[in-house]
Amino acid sequence: MRVLGIEGTAWCASAAIHDAETDDVFIESDAYEPDSGGIHPREAAEHMAETLPEVIDAALSYAEDTAGAGGIDAVAFSRGPGLGPCLRTVGTAARAVAGTLDVPLVGVNHMVAHLEIGRHRSGFEDPICLNASGANAHVLGYHDGRYRVLGETMDTGVGNAIDKFTRHVGWTHPGGPKVERAAADGEYVDLPYVVKGMDFSFSGIMSAAKDLYDEGVPVEDVCFSLQEHVFAMLTEVAERALSLTGNDQLVLGGGVGQNDRLREMLATMCAQRGVAFHAPEPRFLRDNAGMIAVLGARMLAAGDTVPISESAIDPNYRPDQVPVTWRGTTAS
Ligand code: ATP
């Protein structure tokens, strides 16, 4: 079974082919990089409209070149959450390709895909997932047919919060990698640490980080402390989720998961608890169509397809809205 995945919820126009028999994943992506400021929804949607045809063509050419393995059995696309103008472009592209190839359409929740790619790559059966991405931050666990949100941000996504700080200091988007580089030369300064039960908040810490920078504290020190605080908050809630559920497997998802220090903190916590930890390789952590194709294949195997007439996108599509049809099936 081979599935074409299409992703484009925010900054990354991406198409992928996943072959369920060989587990090969071909991914072609084109990133939107704003000249200044953050992601502008209209510009991002224009980027999708310009580049999706090219990345889809590349994926379909790959599928054709490896045609011995058979054609495309379905088109899976990111249905949400994400920026409305981008999602509408992705949805239109997916419907057009599915209609042209006369194959079923699979509507994938982007955040569940961030989780499922970790489950798929690790082979873990029933992990807790920390999704640390740009627009989101939450801890998920499976119970009774759904991925439940065990903890989440009370304001901005973790990556977006970091990006807001870097915009303030004049660095271009995305800010996360620049903070990681600067933090290597930094020392500890105090910042707020906000965990309330199973939830976290990033807005106060970002304002405090901006204030420190404005007061003349070296940017390297602010970056170092930003990482230490924010990642400790994520690690604390992930640990509490493991403790409360008694689960002994953790997977990491989302673009902020590319950060070495976050992975180090999570790995240390898991080692201390005797918990198995898996962070997928970077190409599967940041937004990518590979994770959409992989989950799409599982959903297809479970018969979880969507008619074109009911395939509207949903910018606020929460992971706990998704009936998990594919677990417990043979392809799960
Ligand atoms: P979502 O998946 O919630 O829709 P998104 O579309 O913004 O979020 P992702 O690719 O998951 O996309 O994450 C992008 C974020 O990851 C950006 O905020 C970026 O700054 C951050 N990021 C990328 N690399 C690093 C890094 N090395 N350290 C910290 N943050 C990083």
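As the structure lists them, so they are numbered: ligands from 1, and atoms in each ligand from 1. No experiment lies behind these values; they were computed from the predicted model shown.
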Inset, instruction - Go through the steps to decide whether Val322 and Tyr317 satisfy the test side-chain contact (heavy atoms from CB on, under 4.5 Å), and finish with yes or no. - result: CA-CA 8 Å; Val322 180; Tyr317 197 13; 3.7 Å; yes

Inset, instruction - Start with the C-alpha gap between Glu21 and Arg2, add the side-chain angles, then the distance that decides, and say whether salt bridge (charged side-chain N to carboxylate O under 4.0 Å, His left out) holds. - result: CA-CA 8 Å; Glu21 274 75 48; Arg2 298 209 301 174; over 6 Å; no

Which of the numbered atoms in ligand 1 are under 4.0 angstrom from any heavy atom belonging to [X]?
| X | answer |
| --- | --- |
| His110 | 1 (P), 2 (O), 4 (O) |
| Ala135 | 1 (P), 3 (O), 7 (O), 8 (O) |
| Gly159 | 18 (O) |
| Gln258 | 23 (C), 24 (N) |
| Pro174 | 19 (C), 20 (O) |
| Glu180 | 26 (C), 27 (N), 28 (N) |
| Ser133 | 1 (P), 2 (O), 3 (O), 8 (O), 11 (O) |

Legend entry - Asp190 versus His229, side-chain donor and acceptor atoms under 3.5 Å: no

Legend entry - Residues Gln227 and Asn259: side-chain donor-acceptor under 3.5 angstrom: yes

Report yes or no: does a heavy atom of [X] sit under 4.0 Å from some atom of ligand 1?
| X | answer |
| --- | --- |
| His114 | yes |
| Gly175 | yes |
| Pro177 | yes |

Inset, instruction - Using a strict 4.0 Å threshold on nitrogen-to-oxygen distance, state whether Glu180 and Arg261 make a salt bridge. - result: no

Inset, instruction - Could you tell me whether Glu125 and Arg327 make a salt bridge, using a distance below 4.0 angstrom between a side-chain N and a carboxylate O? - result: no

Considering only the protein, which heavy-atom contact is closest to [atom], and what is its distance?
| atom | value |
| --- | --- |
| atom 6 (O) of ligand 1 | Asp287 OD2, 2.5 Å |
| atom 20 (O) of ligand 1 | Asp163 OD1, 2.8 Å |
| atom 31 (C) of ligand 1 | Gly176 CA, 3.5 Å |
| atom 21 (C) of ligand 1 | Val256 CG2, 3.9 Å |
| atom 7 (O) of ligand 1 | Gly134 CA, 3.2 Å |
| atom 11 (O) of ligand 1 | Gly255 N, 2.9 Å |
| atom 28 (N) of ligand 1 | Asn259 ND2, 3.0 Å |
| atom 12 (O) of ligand 1 | Trp11 NE1, 3.1 Å |

Which bit of [X] gets closer than 4.0 Å to ligand 1, counting heavy atoms only: side chain, backbone, both or neither?
| X | answer |
| --- | --- |
| His173 | neither |
| Ala10 | side chain |
| Arg286 | both |

Legend entry - Contact check: Ile162 vs ligand 1, nitrogen or oxygen atoms, below 3.5 angstrom: no

Inset, instruction - Answer yes or no: are there more than 12 heavy-atom neighbours, outside Asp35 itself, under 6.0 Å from its atom CG? - result: no

Inset, instruction - Could you tell me whether Gln321 atom CD has more than 12 heavy atoms of other residues or ligands within 6.0 Å of it? - result: yes

Legend entry - side chain to side chain contact (heavy atoms under 4.5 Å, CB included) partner of Phe165, the single match among Val169, Ile162, Asp163: Val169

Inset, instruction - Mark yes or no for whether Ser201, through its side chain, and Met154, through its backbone, hold a donor-acceptor pair below 3.5 Å. - result: no

Atom [atom1] in [X], atom [atom2] in [Y]: separation rounded to 0.5 Å?
| X | Y | atom1 | atom2 | answer |
| --- | --- | --- | --- | --- |
| Glu264 | Thr235 | CD | OG1 | 10.0 Å |
| Ile27 | Cys12 | CD1 | SG | 9.0 Å |
| Met269 | Ser243 | CE | OG | 10.5 Å |

